[in-house]
Amino acid sequence: MSFPLLTLTAAVPAAGAILTAAVPAARRTAAKWLALLFSLATLGLAAVVAVRFDPGGARYQLTESHAWIADFGVRYELGVDGIGVALIALTALLIPFIVVAGWHDADPQGTQTKRWRPTQGFFALILMVEAMVILSFEATDVFLFYILFEAMLIPMYFLIGGFGDRAHAGTDDHAAAQRSYAAVKFLLYNLVGGLIMLAAVIGLYVVAGNFSLTEITAARASGELEMATNTERLLFLGFFFAFAVKAPLWPLHTWLPNAMGEATAPVAVLITAVVDKVGTFAMLRFCLQLFPEASKWATPAIIVLALISIVYGALLAVGQRDIKRLVAYASISHFGFIILGIFAMTSQGQSGATLYMVNHGISTAALMLVAGFLISRRGSRLIADYGGVQKVAPVLAGTFLIGGLATLSLPGLAPFVSEFLVLVGTFARYPVAGIVATTGIVLAALYTLVLYQRTMTGPVKEEVRAMPDLKARELAVVAPLIALLLFLGVYPKPLTEIVDPAVRHTMSDVQQKDPRPEVEAAK
């Protein structure tokens with residue numbers, strides 16, 4: 001039996017979560033360092049996975065398969081393709097930065113018992129989410145994936161509801177009520193999606209007789225397994241609905257602004273840069289592979305929804321007065337680009353969508369974490385409460401600007417490459433959709449530059465006059481993310497080499513080829 005590297009990659013943060021939670025209450029600093037140590041160990045294992053993965057080899061590598069619930073055909077099956085490797089690396093990379101950025105977010109405030117925050121629990125929950133997300137990127141058994149897809153909601157619910165943003169206007173009771181509302185809304189939306197998916201998972205078992213993604217895909221490709229048209233479409237809709245909620249896709253997106261607004265900045269990054277990627281990843285791995293014909297049938301409607309997400313999210317971002325909610329609506333727009341790239345059914349579009357998942361995670365982490373540092377200094381999330389920050393905290397303002405420019409996909413920064421590929425892939429098959437999607441770029445420039453102008457430029461407001469610049473711990477979080485944005489912006493080859501073979505396999509699953517450019521014959 002080969003070494004269970006994939007299991008170990010998820011087991012290390014899970015063990016870290018248990019050990020961190022067990023640290024005595026008075027040893028808060030020890031709990032923080034323990035969480036950071038385990039997150040770095042997971043990053044090291046993710047690097048080993050990336051190094052051992054051979055882009056030119058089998059589709060799924062480092063595979064593991066063990067009997068689990070034999071009577072129902074459920075197995076503990078793991079394997080990674082290039083898309084999974086890229087997203088595991090993203091997750092493992094971001095968690096140490098999330099831990100360091102949230103170093104003081106769960107510290108007790110004052111002497112009142114009701115305001116004490118269980119530091120150990122905060123970091124343990126983050127590590128538990130990491131373990132479940134990584135394992136979901138590795139699972140090739142549909143039932144195992146479903147269990148992980150739903151189980152990660154529990155620690156996220158407590159992170160949103162129990163460790164909310166301290167820069168909340170109003171009384172403590174009002175802030176607690178808002179956090180509770182956001183957490184419950186997050187949970188209910190995703191639970192409803194998960195229950196509908198459960199019905200589809202059961203239906204898939206009835207049709208296929210097992211839950212193995214690789215076996216079902218092979219049986220469909222060979223003609224041994226045939227699904228009635230209506231059955232395949234219903235099963236596809238059950239899976240897609242759950243993934244669209246998680247993604248989030250309009251009109252199932254409304255939980256995200258509440259959750260990101262009320263959560264701490266590091267938890268907001270965990271939501272949109274890590275957890276939400278499970279939804280778009282699952283569209284590629286499960287929807288397109290298991291239900292290729294239904295995916296093509298649903299493509300026109302999904303493209304329309306993606307375009308609405310792009311434009312609607314960007315328009316609402318333009319009108320936001322709250323910094324964190326602005327980033328949340330911008331993310332809805334960006335997820336629209338990702339879903340558009342997936343269902344454009346071109347290799348450029350799907351490669352761009354996968355790169356977008358990675359690059360959006362890095363750029364959103366950079367922008368949101370710097371925004372969190374800014375908000376913690378002023379004690380307000382309202383854009384109108386800032387002004388002239390660049391004159392008193394130039395490093396903070398500079399990093400905020402780079403994060404914002406990455407969000408609007410400035411050439412030379414990583415998101416530009418992925419957005420360009422998505423648009424090229426979309427134009428090749430759906431030119432009208434490509435034209436509509438470009439409006440999202442214009443609106444992104446508007447909300448990003450207006451946000452920077454209103455918060456960082458102009459006269460220095462009295463409330464920010466004594467604002468300190470970024471400290472060493474904060475620079476240690478932001479600087480590597482900005483370096484990555486620059487590196488992947490000018491040299492995306494390390495990612496494309498890993499991702500492109502997996503995309504070719506997916507294109508083969510749906511029996512699609514890239515359209516040939518229409519060129520007028522020379523006269």
Side-chain angles (χ1 to χ4, degrees), residues 9-10 12-14 16-17 35-36 38-40 42-43 45-46 49 80 83-102 105 122-139 145 148-160 163 186 190 243 245-248 255-256 259-260 263-285 324 327-328 330-332 334-335 338 353-369 372 403 414-415 477 480-481 484:
T9 308
V12 166
L36 179 59
F38 273 92
S39 67
L40 291 173
T42 305
L43 177 58
L45 288 170
V49 170
V80 287
I83 299 169
V85 169
L87 293 175
I88 290 169
L90 171 69
T91 303
L93 173 72
L94 290 182
I95 295 300
F97 295 122
I98 289 172
V99 169
V100 176
D105 285 357
F122 178 75
F123 292 103
L125 290 170
I126 290 174
L127 290 176
M128 188 55 68
V129 171
E130 179 182 23
M132 293 179 181
V133 169
I134 288 176
L135 204 55
S136 70
F137 292 143
E138 299 170 346
F145 173 83
L148 297 164
F149 186 82
E150 290 292 270
M152 69 180 69
L153 301 179
I154 299 170
M156 285 306 309
Y157 169 80
F158 287 110
L159 283 169
I160 297 168
F163 301 92
F186 161 82
N190 284 275
F243 303 152
V245 172
K246 184 86 79 179
W255 62 268
L256 183 65
M260 288 185 65
T264 65
V267 172
V269 171
L270 188 65
I271 295 169
T272 190
V274 176
V275 173
D276 287 353
K277 298 301 187 297
V278 176
T280 47
F281 163 80
M283 291 179 189
L284 278 167
R285 172 164 282 190
K324 291 171 70 177
V327 179
S331 290
I332 291 169
H334 296 150
F335 275 104
I338 294 171
T354 305
L355 292 180
Y356 215 133
M357 291 185 224
V358 176
N359 294 333
H360 170 263
I362 299 170
S363 62
T364 299
L367 180 61
M368 179 59 83
L369 292 178
V477 170
L481 294 174
L484 270 173

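Computed over heavy atoms, backbone and side chain alike; hydrogens, waters and symmetry mates excluded.
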Shortest non-hydrogen contact between [X] and [Y], atoms and distance:
X: A35; Y: F123; result: CB-CB, 3.7 Å
X: L127; Y: G16; result: CD1-C, 3.5 Å
X: I271; Y: A263; result: CD1-CB, 4.4 Å
X: A265; Y: G372; result: CB-CA, 3.6 Å
X: I134; Y: T42; result: CD1-CG2, 3.7 Å
X: A101; Y: V477; result: N-CG2, 3.9 Å

Can you name the residues that form a side chain to side chain contact (heavy atoms under 4.5 Å, CB included) with [X], not counting sequence neighbours?
X: A353; value: I338, I342
X: L159; value: F122, L125, I126, V129, M156, F163, V267, L270
X: L153; value: E150, F186, L187, N190, L191, K246
X: A46; value: I88, A92

Exam field: side chain R285 to backbone A139, donor-acceptor pair closer than 3.5 Å: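 Pair found, side chain donor or acceptor close to backbone of A139.
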Value rounded to 0.5 Å, distance of [atom1] in [X] from [atom2] in [Y]:
X: T272; Y: M368; atom1: OG1; atom2: CE; value: 7.5 Å
X: M260; Y: D276; atom1: CE; atom2: CG; value: 8.5 Å
X: F97; Y: L481; atom1: CZ; atom2: CG; value: 5.0 Å
X: M152; Y: S136; atom1: CE; atom2: OG; value: 4.0 Å
X: L90; Y: F137; atom1: CG; atom2: CZ; value: 7.5 Å

Derivation and outcome, side chain to side chain contact (heavy atoms under 4.5 Å, CB included), residues V49 and E138: CA-CA 11 Å; V49 170; E138 299 170 346; 5.6 Å; no
I98 side chain near I95 side chain, heavy-atom distance below 4.5 Å: yes
Pairs where residues 355-369 contributes a residue and the test side chain to side chain donor-acceptor pair (under 3.5 Å) is met, not counting sequence neighbours: K277-H360, S331-H360, Y356-E419, N359-S418, H360-T364
Which residues share a ring-ring contact (aromatic ring centres under 6.0 Å, His included) with F149, sequence neighbours left out: F145, F243
